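What follows is a short report on a single structure.
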Amino acid sequence: ARAQDELIVADQKGQQKALLEAAGVGHDLPYRIHWVEFEAAAPLLQALGAGAVDTGIAGDGPFLFAWGAGIPIKAAYVVPPRGGGHATAVVVAAGSGITSAAQLSGKRIATGRGSIGHLLLLRLIATGAIPAPAPQIVFLQPSQAKAALDTGRVDAWSTWEPYVSLETTGHNGHVVVDAAGLMPNNSFFVATEAALRNKRALLNDFYGRVTQAYAWGRQHQDQYARILAQQTGLPDAVAASVAERLIASPVPVGDDVVRAEEVTLDTYRDAGLMTPPGPVSSAFDRETVLP
Amino acid sequence: MNAISQPPANIIPAEHNSGAVTVQGLTRRFSNGPPVLDRLDLTIAPGEFVALLGRSGSGKSTLLRTLSGLDPVTEGHVSRPRDVAVVFQESRLLPWKRVWQNIILGQTGGKAGRERAGEVLEEVGLGHRGDAWPLTLSGGESQRAALARALVREPAFLMLDEPFAALDALTRLRMQQLVAGLWTRHRCAVLLVTHDVDEALLLADRAVVLESGRIRTDLPIPLDRPRRHDDPRFGHLRSILLDALGVHDDD
Amino acid sequence: MNAISQPPANIIPAEHNSGAVTVQGLTRRFSNGPPVLDRLDLTIAPGEFVALLGRSGSGKSTLLRTLSGLDPVTEGHVSRPRDVAVVFQESRLLPWKRVWQNIILGQTGGKAGRERAGEVLEEVGLGHRGDAWPLTLSGGESQRAALARALVREPAFLMLDEPFAALDALTRLRMQQLVAGLWTRHRCAVLLVTHDVDEALLLADRAVVLESGRIRTDLPIPLDRPRRHDDPRFGHLRSILLDALGVHDDD
Amino acid sequence: MSETTLRHTVHTARPVLTMKPHAKFQLRGWHTLRRYLSPVVLLLIWQIACSTGLLSTRLVASPTQIISTGWSLIHDGTLPVNLGVSLLRAVSGLSIALVAGIGLALIAGLSRTGEDIVDAPLQIMRTLPVLALVPLFILWFGIGETPKILLVALGSTFPVYLNLHKGIRSIDPKLLEMARTLGLSRGQTIRDVILPGALPDLLIGVRFAVGISWLMLVVAEQVNADSGIGHMMMDAEDFLRTDIILVGLFIYGLLGLVSDQIVRMLENRLLAWRPAQHRKGQPV
Amino acid sequence: MSETTLRHTVHTARPVLTMKPHAKFQLRGWHTLRRYLSPVVLLLIWQIACSTGLLSTRLVASPTQIISTGWSLIHDGTLPVNLGVSLLRAVSGLSIALVAGIGLALIAGLSRTGEDIVDAPLQIMRTLPVLALVPLFILWFGIGETPKILLVALGSTFPVYLNLHKGIRSIDPKLLEMARTLGLSRGQTIRDVILPGALPDLLIGVRFAVGISWLMLVVAEQVNADSGIGHMMMDAEDFLRTDIILVGLFIYGLLGLVSDQIVRMLENRLLAWRPAQHRKGQPV
Ligand SMILES: Nc1ncnc2c1ncn2[C@@H]1O[C@H](COP(=O)(O)OP(=O)(O)OP(=O)(O)O)[C@@H](O)[C@H]1O
Ligand SMILES: Nc1ncnc2c1ncn2[C@@H]1O[C@H](COP(=O)(O)OP(=O)(O)OP(=O)(O)O)[C@@H](O)[C@H]1O
Ligand SMILES: [Mg+2]
Ligand SMILES: [Mg+2]
């Protein structure tokens with residue numbers, strides 16, 4: 001039995017925690033935050049499903065898959081992308097002649113299965129931005145995709161931050177097309193149904209503090225970039241560029257968010273990747289009220 | 001199948017007999033060959049010294065295995081004292097224990113163990129090799145170590161499978177005297193497998209010859225001890241035994 | 001270290017000698033104990049039959065190991081014919097090959113192999129066990145199989161380490177005759193380790209006794225063949241040998 | 001000897017044991033069946049735990065659910081196709097691993113120089129996490145079938161090598177000496193003495209290798225794969241399809257059982273030379 | 001016997017071999033050094049390939065680069081902390097694995113009923129991909145240290161079990177029979193006959209287990225870990241820090257070498273009973 005005044009928050013790679021601490025909003029809590037870290041979204045969502053944590057951050061793609069698999073979780077708080085989704089993009093290696101989405105037709109493009117990069121490709125194909133013949137999607141983990149792109153085994157890589165910045169800033173590659181306007185690019189603080197029932201006040205307070213932290217991050221972008229660089233070992237230039245694209249203004253889930261994610265869900269369904277168990281609105285919790 | 005150091009499931013205490021070895025109608029065959037032991041009967045009284053002779057492959061070791069409880073009794077009936085010691089045809093020393101540790105294996109003697117092992121090793125003429133690893137022993141040395149391991153236990157029934165085969169004449173005499181001495185002091189029943197007719201006549205109360213799975217010759221040796229080769233009855237018994245073994249004592 | 005079936009690095013062809021076995025000043029010690037073989041000299045002429053006797057642990061097997069090229073020669077000089085066959089004190093049959101396959105191991109006889117094995121197995125009285133797995137053989141049977149494996153090779157130099165120790169009197173006689181027969185036909189040099197003085201006297205041209213690492217007694221046996229126990233010179237030689245072995249022939 | 005026996009005979013001067021004949025009935029099939037009793041019992045317990053609600057089926061599917069998912073996967077061809085593709089990769093990789101592992105073990109086991117050259121690098125490589133090596137494999141071998149098969153081969157070479165090497169080193173030196181005095185050639189010694197003598201160890205190595213080859217597929221089939229059992233598992237993992245993951249686990253389990261059974265059959269055949277009473281299970 | 005010998009003696013009627021004394025010098029340290037010559041040579045080749053541009057350093061860092069990254073990681077404390085944490089997890093998991101593996105192998109090796117109960121489930125579980133088991137472990141054991149240590153334990157139990165089980169089954173039955181006739185108790189038989197007899201196999205199992213325990217950390221430390229060598233590797237992998245990945249691989253390699261050396265020392269000590277000429281390398 002967990003203490004009623006403790007919130008267990010799952011983090012990916014320590015980024016939210018670092019931001020909260022840097023912003024100084026993690027102090028003077030009337031309850032305790034117990035941070036736990038995960039290497040990726042999948043184990044994080046599994047931990048949520050097992051009830052081992054109360055809330056945690058995940059991209060919309062992985063979250064929708066987990067929800068689609070019947071895991072008792074809901075997205076309670078949205079972290080929208082800043083600048084309309086430039087953080088997800090198709091990049092090519094230095095010296096590539098590909099400059100437009102149309103040129104990607106019939107090419108070999110690496111991405112992670114079920115990732116937002118995958119979603120971007122699906123959207124690009126669905127909207128006709130990449131005309132037929134459809135590109136050949138090569139599923140690879142980021143480090144593998146990087147190796148494949150560098151050796152010319154694939155023509156492009158549909159990926160996300162920090163890889164976009166790494167490829168463009170670090171290795172003189174360039175962005176062919178990004179996700180702006182194509183898809184929501186939301187991240188969510190996902191909570192278990194049990195936590196939403198029993199720890200509503202704590203969650204509301206916590207999400208409020210997240211908002212403050214992001215607000216601090218917007219104002220102190222270089223400071224945030226430094227923290228990021230320190231934490232991830234990314235080169236400073238890359239970290240600065242990542243910070244610029246990642247820092248956003250989290251808000252409670254609204255109708256626009258639900259509508260936007262409906263598109264995402266449809267794309268996945270059309271690609272045969274999942275069968276939603278119910279209306280998309282049932283994946284969201286709309287009762288978060290900032291204190 | 002599952003028990004270490006537990007007797008086969010079919011060993012039950014025999015109340016009608018007090019320490020004697022009885023084998024009744026024992027039959028043993030391997031897969032579907034002819035029986036190696038064929039309705040064999042043998043009794044060894046407590047304190048009796050029996051020599052078992054027989055051609056190579058006649059089933060002597062098989063009989064010993066059954067008596068030591070290693071092989072199941074599928075046909076017939078076997079009963080024997082509980083405290084036995086066996087010297088197998090091969091020395092079967094644990095290669096990872098030093099010779100002296102092999103001697104007192106399983107003995108709960110405490111500190112005295114090492115000393116006791118030293119004594120009996122001295123007796124078999126291996127005092128200087130007590131600390132050696134068994135794999136460095138010579139053929140005769142391992143055989144003596146195996147003998148020492150059996151003697152140190154002072155069992156109620158001692159089974160010896162050609163324990164002196166790898167020994168030179170002098171060492172063999174000494175070892176024979178050692179076994180005879182233990183037997184005299186301790187009066188255990190002894191079953192000695194040997195190919196040496198003289199050895200049988202020197203040591204045993206009775207010599208039995210195994211042939212085609214049965215005891216064909218059962219020869220009491222009514223000589224007084226200590227026995228000597230030049231006893232006239234010795235030569236007579238000798239030729240009977242050799243005859244039973246198929247050797248004609250003319251060369 | 002790295003060569004299978006290759007002779008030790010220090011084996012070089014000897015041009016000055018044609019098939020004789022020569023051991024000069026051979027010294028062998030284990031770790032830092034006293035030498036087991038101590039500046040030992042021994043010559044075996046081609047076609048000579050030598051019996052090697054000695055107390056248990058006197059170094060007989062060690063000498064044989066060195067002669068078979070298994071142990072390095074660190075002090076002294078050894079030379080011997082290339083084609084040897086050894087019967088070790090233990091039978092050393094490959095447990096995963098049937099008896100007949102063990103016999104012709106390494107022989108490139110082709111189809112005739114099986115037949116040849118059958119013949120020699122018949123000779124050692126194991127015709128019926130040719131298809132058996134070695135682990136199911138009795139002690140004497142494995143010894144005979146090992147003997148058969150050596151005999152089938154018809155070597156220029158045959159080394160036998162107590163090859164008859166586990167055999168009953170009759171089988172032993174047969175095997176002795178077999179070795180004698182091979183030797184007569186083939187005139188190979190033979191070195192036979194034995195504890196049986198009578199055996200040495202029956203078979204060998206010369207008996208040597210190993211003691212404290214050296215040949216102390218080197219006794220020619222000038223008896224005509226076939227030899228008989230009742231030859232008066234036999235008794236005389238017998239007591240000389242027993243004396244050399246420390247046994248006083250009075251019992 | 002058991003205490004019980006002692007208690008029964010305490011009234012006789014000398015405790016005595018009697019051995020009576022016992023009926024030796026042993027149904028051959030029964031023993032094989034008995035082996036699989038405990039997995040079946042575990043399955044039953046699982047099903048019962050699910051049915052009674054002890055185990056939430058939302059988190060772990062019940063065996064019946066898994067079977068029905070499995071059935072539908074078989075029906076729509078997903079499973080057979082994936083299995084077939086993986087089987088081909090596993091078999092190719094395993095074949096390479098067998099050749100390489102046996103070859104290297106022979107080199108290291110038979111000569112000290114060989115051991116010096118071969119052993120240390122292998123001991124080092126053995127501990128490297130394959131996941132981290134995948135980018136290198138892509139670099140060198142591209143994203144086709146080659147890196148997948150080579151990853152399988154890499155992972156399964158080590159158990160073959162390590163176990164066989166140990167097996168060769170613990171062959172009874174007396175038998176090797178014997179082979180030498182018989183003048184056996186190097187090839188004959190390997191064929192007739194070394195490999196048969198090290199066979200039980202080799203079989204353990206192969207057993208491990210078979211298991212590892214399938215595990216490697218989970219890693220290897222992350223690289224540009226759209227079929228294969230590892231791909232199916234990772235896919236399900238990414239999409240949090242626990243029922244498919246469990247079907248996959250079932251298949252892996254089954255594979256374990258099948259390879260186990262095959263190796264047992266091989267053992268029974270190849271180790272037939274052990275006297276009957278010692279062959280199956282432990283004689284003690 | 002070699003052809004050369006034959007050629008030289010062809011003029012004598014009977015070919016003859018002479019054995020002359022040979023100097024037996026063997027520097028003890030030299031042999032140990034020689035073992036590590038080939039990894040060092042491989043390193044050198046790698047460095048040269050990088051320096052000459054044969055291998056693009058953008059894709060694979062050169063040894064000198066790796067050393068400098070490693071040095072800075074040591075300096076800022078990242079490496080020591082991560083290593084320490086992982087070491088603790090590995091050692092805890094390994095200890096459990098040793099106890100469980102030896103216990104299960106004894107049960108399966110010593111009684112047929114035990115084998116029937118224990119062996120089949122283990123043969124099944126052995127082949128399950130751990131990655132797929134992580135969710136179950138989270139479910140059962142939460143997200144603390146327990147699931148990590150248990151994952152390590154799970155993975156390393158199998159090699160201990162499988163090798164020891166095989167070792168027990170191939171102990172010379174003659175020795176077990178001897179133990180029985182000597183009236184050794186079950187415990188004495190295990191201690192004096194079975195474990196020493198199966199020791200070489202157990203050591204191989206432990207060798208594997210050590211390797212696997214570290215590999216398991218790569219998986220286990222994906223769950224709620226902010227330190228540990230597996231976490232460090234995964235982190236570096238996610239941020240494409242190839243130099244850190246290679247430092248990690250170096251450490252894994254070193255670990256392989258160290259554990260190898262430890263097991264060798266153990267072997268030399270525990271198998272001292274093998275006659276000297278057969279102990280090191282192969283006697284043939
Ligand atoms: N496990 C077995 N399977 C098949 N046959 C066997 C087995 N064990 C023994 N035999 C056969 O049974 C017969 C008797 O063997 P046993 O060992 O009892 O002979 P022995 O009288 O001791 O002979 P020796 O004097 O040569 O030691 C032999 O022919 C042997 O080959
Ligand atoms: N590897 C070894 N390490 C140490 N000592 C050894 C080794 N091998 C043999 N010895 C010792 O050397 C001596 C001679 O052994 P060897 O086997 O030659 O004796 P043997 O004359 O054949 O005796 P037996 O008649 O008993 O077989 C023995 O005392 C033996 O213990
Ligand atoms: Mg016998
Ligand atoms: Mg000897």
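Owing to the predicted nature of the structure, the values given are computational and were not obtained by experimental measurement. First the proteins, then the strands, lettered A, B, ... as listed; each starts at 1.
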Smallest separation among heavy atoms of C:Pro95 and D:Leu175, with atom names: CD-CD1, 4.0 Å

Chi angles and distances behind the side chain to side chain contact (heavy atoms under 4.5 Å, CB included) call for C:Leu105, D:Met178: CA-CA 10 Å; C:Leu105 196 69; D:Met178 185 273 299; 4.2 Å; yes

Enclosure of C:Arg174 CZ (heavy-atom neighbours >12, cutoff 6.0 Å): no

C:Leu67 CG to D:Thr181 OG1 distance, which is reported to the nearest 0.5 Å: 12.5 Å

Stepwise side chain to side chain contact (heavy atoms under 4.5 Å, CB included) test for D:Leu182 and C:Arg153: CA-CA 9 Å; D:Leu182 289 185; C:Arg153 269 148 236 274; 3.5 Å; yes

C:Gln101, part contacting chain D, at a heavy-atom distance under 4.5 Å: neither

Minimal non-hydrogen separation, C:Trp96 against D:Val193, with atom names: CZ2-O, 3.2 Å

Interatomic distance, C:Asp71 atom CG to D:Glu177 atom CD [nearest 0.5 angstrom]: 7.0 Å

